[in-house]
Every structure is written in structure tokens, then in C-alpha cells.
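Some notes on the structure that comes next.
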Amino acid sequence: MAAPTANASMNPTTYSPGEQMLLTVNYGDPDHQRLTVTVTVADAQGNRSAPVSVTAVIDPLTVTVADDSGRTWSRVSDNGAVAVFRAVA
């Protein structure tokens, strides 16, 4: 299994005390698997529903943020590839 990849950035990189800091993390896993399941329903007369699909990710990723001051970072958003976290300087 390949290791997940990540890179992080903060803009700006200098903050005044009490100022909001935003951290953006881009991440991925080269060997995660995406699964699509398609379902169709039929009755005894042979009538069929339209197909419906659902997707799932096998081997999901979890992003954890910690800094050396013990500051609490809150997740603002996470779409499975880019996560944004917020903390106070």
C-alpha cells in the first residue's frame, strides 16, 4: 500500500496575537479505491426501474492537525481532497 500524500500552506505566514489563522491541506492517497454500486429493481411483469448509483471510498483518509503550542484547530471544510482548518494566533 502506498502512503497518503499531503501538503499544507498558510496565507499569510505571519499573524498578530488574536488574529484568525487559516491552514489549507491538500491530500490524497494514490491507492484508495472508489467503488460504484448500481441498483435496478424489476417486478414480475419485467418492468424495471431506472438505475440508481451510489459511490463509496475504500481506505478513507483522516486529516489531523496539531501544533507545538497546543492550539486547537477547527475544521472549516473538507471535500476529501482539500481541508481547511482555523485557529486563533
Side-chain angles (χ1 to χ4, degrees):
M1 264 184 141
T5 59
N7 65 59
S9 62
M10 296 179 73
N11 189 5
T13 56
T14 303
Y15 297 90
S16 299
E19 190 175 358
Q20 176 179 277
M21 301 185 297
L22 289 178
L23 169 69
T24 301
V25 180
N26 294 285
Y27 65 97
D29 190 355
D31 66 353
H32 83 272
Q33 300 172 19
R34 197 172 263 324
L35 172 69
T36 301
V37 178
T38 303
V39 178
T40 306
V41 179
D43 63 16
Q45 290 78 35
N47 299 308
R48 293 192 174 278
S49 69
V52 295
S53 297
V54 63
T55 60
V57 174
I58 299 172
D59 192 18
L61 300 173
T62 302
V63 179
T64 304
V65 176
D67 68 30
D68 59 3
S69 73
R71 183 175 282 108
T72 300
W73 290 87
S74 302
R75 185 183 332 266
V76 175
S77 64
D78 187 347
N79 68 8
V82 178
V84 177
F85 294 85
R86 175 182 21 231
V88 176

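For the single chain, residues carry numbers from 1 onward in sequence order.
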Can you find a heavy atom in the side chain of V63 that is under 4.5 Å from one in the side chain of W73?
no

Inter-residue atom distance I58.CD1 - D29.CG, 0.5 Å rounding:
12.0 Å

Give me the atom names and distance for the closest heavy-atom approach of V88 to R71.
O-NE, 2.7 Å

side-chain contact (heavy atoms from CB on, under 4.5 Å), paired with V52, selected from T38, V37, V39:
V39

Can you list the steps and then say if T55 with T36 is a side chain to side chain donor-acceptor pair (under 3.5 Å)?
CA-CA 4 Å; T55 60; T36 301; 5.8 Å; no

L61 versus G28, closest heavy-atom pair with distance
CD1-C, 3.6 Å

Return the minimal non-hydrogen interatomic distance between A89 and S16, and the atom names on each side.
CB-O, 3.3 Å

Report whether F85 and Y15 are members of the same hydrophobic cluster (ILVMFWY, side-chain heavy atoms less than 4.5 Å apart, transitive linking).
yes

Atom CE of M21 and atom OG1 of T13: how far apart are they, to the nearest 0.5 Å?
12.0 Å

Provide the closest heavy-atom pair for P30 versus A3 in the form atom of the first, atom of the second, distance.
CD-O, 3.6 Å

Which value, rounded to the nearest 0.5 Å, describes the distance between L23 atom CG and S74 atom OG?
12.0 Å

Using the rule that Ile, Leu, Val, Met, Phe, Trp and Tyr join whenever any side-chain heavy atoms are under 4.5 Å apart, tell me whether V57 and V82 fall into a single cluster.
no

